[in-house]
Number of protein chains: 2
Amino acid sequence: MARNETRRRELADAGLRVLARDGARGLTHRAVDGEAGTPVGTASNYFRSRDALVRGLVERIYERLTPDPEVHAELAARTPSRALFADYVRDIVTRLTAERDTTIALFELRLEAARRPEVAEVMTAFQRESFAGDVAFYLAAGLPGGAFEVALFHYAIDGLLLDRLTTSIDPDTSTDAVVDALVEGLLPGGSTA
Amino acid sequence: MARNETRRRELADAGLRVLARDGARGLTHRAVDGEAGTPVGTASNYFRSRDALVRGLVERIYERLTPDPEVHAELAARTPSRALFADYVRDIVTRLTAERDTTIALFELRLEAARRPEVAEVMTAFQRESFAGDVAFYLAAGLPGGAFEVALFHYAIDGLLLDRLTTSIDPDTSTDAVVDALVEGLLPGGSTA
DNA sequence: CGATAATCACTACACCCGTTGTGATTGGAG
DNA sequence: CTCCAATCACAACGGGTGTAGTGATTATCG
């Protein structure tokens, strides 16, 4: 009997929903079964321990958040420019805001990584890869600077997402306007209004 | 017998340490007692339920993170300028980085606020107040713009702190350099290198 | 100084969780 | 078709957790 990867994914997705909705405290084997609609014990069969469950969730996030190659290709085909990069950033923000559960779960796992080295390991790999991709795109767009500038964007966007997904200090401001302002300010060579 | 506020604070501080070290999952009455060195049952006496405990932690954070009036006054006495604001931001980042436990606990509570309205209430009050203070300082420094620009800083700095306190994408870059670049870019009227 | 009320240490209970084990079921290889 | 190995559903247990309750202690006030 083949390893049932589909069901494993479903369970992991259910786990991410639970993690987003109920927090680390609510993430239990039984809760995952409840969310996935599987009989009690199923999650426990697929992820033999709670650590294994968390690791499974990180790997699933890794799978879900790697950028869509189509969108990526489409963007890469366009003429490199400042506006192109703005679109790139906006796409990321839109996607992560839409996938609220995944993004909140991601924040939970980042905090978990601060405590558990094994989680940190998978997490670091994911972040580094994602970061490297962003830098590559940035350079391909012919923009000045490099890793340092992209890191600035990462910080700002993480903070923006956290604000948007939790208690916001400025809920009335359009998210796009914020992204535009960030691109304007953090990209070298911007207007200085 | 008077309400023992000192002990209540000690318990809350212990709770914040536990929350930072073990996460929401590890935050239990008994763990708080263990951390505080008080007999089992003490935390449960002071915070009658787990919800009450969490609320107590938020209130304690509120207490601990309100800016030091001395430092604030000292800064306010200086000539308003771009460099002054940079120092202001740097002070905040330094303080929050040093108080690692508190800051991580704060992130935990922000995620918790996304789930529990009662936590969100206290959290919103705290953030709004802190934000208003920053805006006031920003305006007093005679800098162009206002709430919108300060919000940008908030996002960027939250993201920076999260990066610094968990798995960093760019651990070798100096935090001060990042802050400088943010001030340079996000403050209207900066150089455009 | 005595009354009073809250703190404090400690106990007890019901509940839930992680983990492990055990047959029944299932689908593919020989 | 037959056998085999992995999946699956389910049960059980040891441990930890939230919560409430109970006297003893102690500080404060009339």
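Below, read A as the first sequence line, B as the second, and so on, with proteins coming before strands; counting in each chain starts at 1.
Between B:R17 and B:D13 there is no salt bridge, since no side-chain N of the basic residue sits under 4.0 Å from a carboxylate O of the acidic one. A salt bridge between A:R115 and B:D22 is absent, with no side-chain N of the basic residue lying under 4.0 Å from a carboxylate O of the acidic one. Between A:E63 and A:R8 there is no salt bridge, since no side-chain N of the basic residue sits under 4.0 Å from a carboxylate O of the acidic one. Between B:R21 and B:D101, no side-chain nitrogen of the basic residue sits less than 4.0 Å from a carboxylate oxygen of the acidic one, so the salt-bridge criterion is not met. A salt bridge does not link B:R30 with B:D33: every distance from a Lys NZ or Arg NE/NH1/NH2 to an Asp or Glu carboxylate oxygen is 4.0 Å or more.
Applying a 4.0 Å cut-off to non-hydrogen atoms, none of the residues of residues 106-115 of chain B approaches DNA chain D. Scanning residues 48-59 of chain A for heavy-atom distances under 4.0 Å to DNA chain C yields A:R48, A:S49, A:R50. Against DNA chain D, the stretch residues 23-30 of chain A makes heavy-atom approaches under 4.0 Å through A:R25, A:R30.
Separation of the A:Y138 and A:F153 ring centroids does not fall under the 6.0 Å cut-off.
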Using the side-chain contact (heavy atoms from CB on, under 4.5 Å) rule, take B:F107 and A:T166 through it: C-alpha gap first, then chi angles, then the decisive distance, then the call.
-> CA-CA 10 Å; B:F107 280 117; A:T166 66; over 6 Å; no

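Inspection of the B:H154 and A:D163 side chains reveals no N or O donor paired with an N or O acceptor under 3.5 Å.
Across all strands, A:T42 comes closer than 4.0 Å only to sugar-phosphate atoms, never to a base (heavy-atom distances).
The closest side-chain heavy-atom distance from A:E112 to A:V58 is not below 4.5 Å.
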